[in-house]
Enquirer: 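So that we are looking at the same thing, I have put the structure below in structure tokens.
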Number of protein chains: 2
Amino acid sequence: MTIKQTYGIGELAREFDVTTRTIRFYEDQGLLSPRRRGQTRIYTPADRVVLKLILRGKRLGFSLAESRDLISLYQPSSDNRHQLDALLNKISEKREQLDQQLRDIQGMREHLDDAELRAREAMRQLADNAETFKE
Amino acid sequence: MTIKQTYGIGELAREFDVTTRTIRFYEDQGLLSPRRRGQTRIYTPADRVVLKLILRGKRLGFSLAESRDLISLYQPSSDNRHQLDALLNKISEKREQLDQQLRDIQGMREHLDDAELRAREAMRQLADNAETFKE
DNA sequence: CTAGCACTTTACGTTTACGTAAACTTCCCT
DNA sequence: AGGGAAGTTTACGTAAACGTAAAGTGCTAG
């Protein structure tokens, strides 16, 4: 075998550092739908990818609903023209949102650069004062 | 005068497209502390900047507590060495988080590229079918 | 066989970030 | 003077995203 075919819920929980409760909650919200062996949930590599996408969305502040949308973008179950147009519009919107986030990140980085400079400056002052007392 | 010196709450609310309730809530959480003229809140340009920072944080999925931290980074009220070290550590952590977000955004962009390709492909299929029926 | 671990469902609890309604006060306008 | 428009406080309500406890099932190692 090349890759493990299935995963248990605890296994995934450990790998992605979430609780099993969280994974079940995502299923409850219609984001995951693993197979069952009896009562027990069996996750496929595809399920694992979906979970990964959800968590990536979370890191960017996306709601589960938004992540669900983003994931469903990948399966153009859309069969008519109108649906596809709507899809392309959504994609375009998301792109703009990501661009805004890029700008925000850049802004934050500058903010952090400033903060670091100020902190280092404050430390220099401390060092200077110590020097003064020594001499 | 060059720039307006003060702002009313409604004014800021309109400018940033939030409700006055939201702005008062931020004050309640210790993120803003505008002057008062009687009961009425008077916001300075500095307050306005803070609000801007909060909203930028929100767009990146930061909690108000995180934004409060980020903003306070800018005023190194820290007076001793230990505090400053902690500050630099926080800055470093935030930087890593932003880097992770950058990677996530890149991943999402590729995801969107894929989705768009698939959607356009699906549309081509529709067009082709229409063609078939015509001839 | 039973102890223990991982899994299950059900359901109430919690935090964050506001929404919304009620009941004022203040100011401005006609 | 009277009535909006915009401000205020107080307080209960709500959606999202889980946490947490209770009570039960199922396998497996000793």
Enquirer: So, using salt bridge (charged side-chain N to carboxylate O under 4.0 Å, His left out) as the criterion, who are the partners of A:Asp113 when residues are at least two apart?
Expert: B:Arg95
Enquirer: Measuring from the side chain of B:Thr40 (C-beta onward, heavy atoms only), which nucleotide among D:dG7, C:dA17, C:dT8 has the closest atom?
Expert: D:dG7
Enquirer: Can you tell me how far P of C:dT15 sits from CD of B:Glu66, to the nearest Å?
Expert: 17 Å
Enquirer: Between which residue ranges does DNA chain C form stems of three or more consecutive Watson-Crick or G-U wobble pairs, both distances under 3.5 Å?
Expert: C:1-30 with D:1-30
Enquirer: Mind checking side chain to side chain donor-acceptor pair (under 3.5 Å) for A:Ser92 and listing every partner two or more places apart, or none if nothing turns up?
Expert: none
Enquirer: Any side-chain N or O of A:Arg41 less than 4.0 Å from the OP1 or OP2 oxygen of C:dT8?
Expert: yes
Enquirer: For residues 85-121 of chain A, which residue pairs qualify under ring-ring contact (aromatic ring centres under 6.0 Å, His included), counting only residues two or more places apart or in two chains?
Expert: A:His111-B:Tyr74
Enquirer: According to the ring-ring contact (aromatic ring centres under 6.0 Å, His included) rule, which pairs have a member within residues 36-70 of chain B, sequence neighbours left out?
Expert: none
Enquirer: Mind checking the CG-CG spacing from A:Asn89 to A:Leu84? Nearest 0.5 Å is all I need.
Expert: 11.0 Å
Enquirer: Spell out protein contact along nucleotides 19-27 of chain C as letters: B when the base is contacted, S when just the sugar-phosphate is, - when no protein heavy atom is under 4.0 Å; keep the 5' to 3' order.
Expert: BB-------
Enquirer: For A:Ser33, enumerate each residue passing the side chain to side chain donor-acceptor pair (under 3.5 Å) test, keeping only those at least two apart in sequence or located in another chain.
Expert: none
Enquirer: For A:Arg24, enumerate each residue passing the side chain to side chain donor-acceptor pair (under 3.5 Å) test, keeping only those at least two apart in sequence or located in another chain.
Expert: A:Thr20
Enquirer: Return each pair, listed once, that meets salt bridge (charged side-chain N to carboxylate O under 4.0 Å, His left out) where at least one residue sits in residues 34-45 of chain A; pairs must be two or more places apart or across chains.
Expert: A:Glu27-A:Arg36, A:Glu27-A:Arg41
Enquirer: How many whole angstroms separate atom CZ of B:Phe62 from atom C1' of C:dA17?
Expert: 17 Å
Enquirer: Enter the distance from A:Asp69:CG to A:Leu64:CG here, rounded to the nearest 0.5 Å.
Expert: 11.0 Å
Enquirer: Look at the side-chain N and O atoms of B:Lys58 and state whether any lies under 4.0 Å from the OP1 or OP2 oxygen of C:dC18.
Expert: yes
Enquirer: Near DNA chain C, which residues from residues 26-37 of chain B have a heavy atom under 4.0 Å away?
Expert: B:Tyr26
Enquirer: Calculate the interatomic distance between A:Ile54 atom CD1 and D:dA16 atom C1'; express it in whole Å.
Expert: 15 Å
Enquirer: Which residues satisfy the salt bridge (charged side-chain N to carboxylate O under 4.0 Å, His left out) test with B:Asp104, sequence neighbours excluded?
Expert: A:Arg59
Enquirer: Can you list the residues that meet the side chain to side chain donor-acceptor pair (under 3.5 Å) rule with A:Thr19, with sequence neighbours excluded?
Expert: A:Thr22
Enquirer: For B:Phe25 and D:dG7, give me the distance from atom CZ to atom P, rounded to whole Å.
Expert: 20 Å
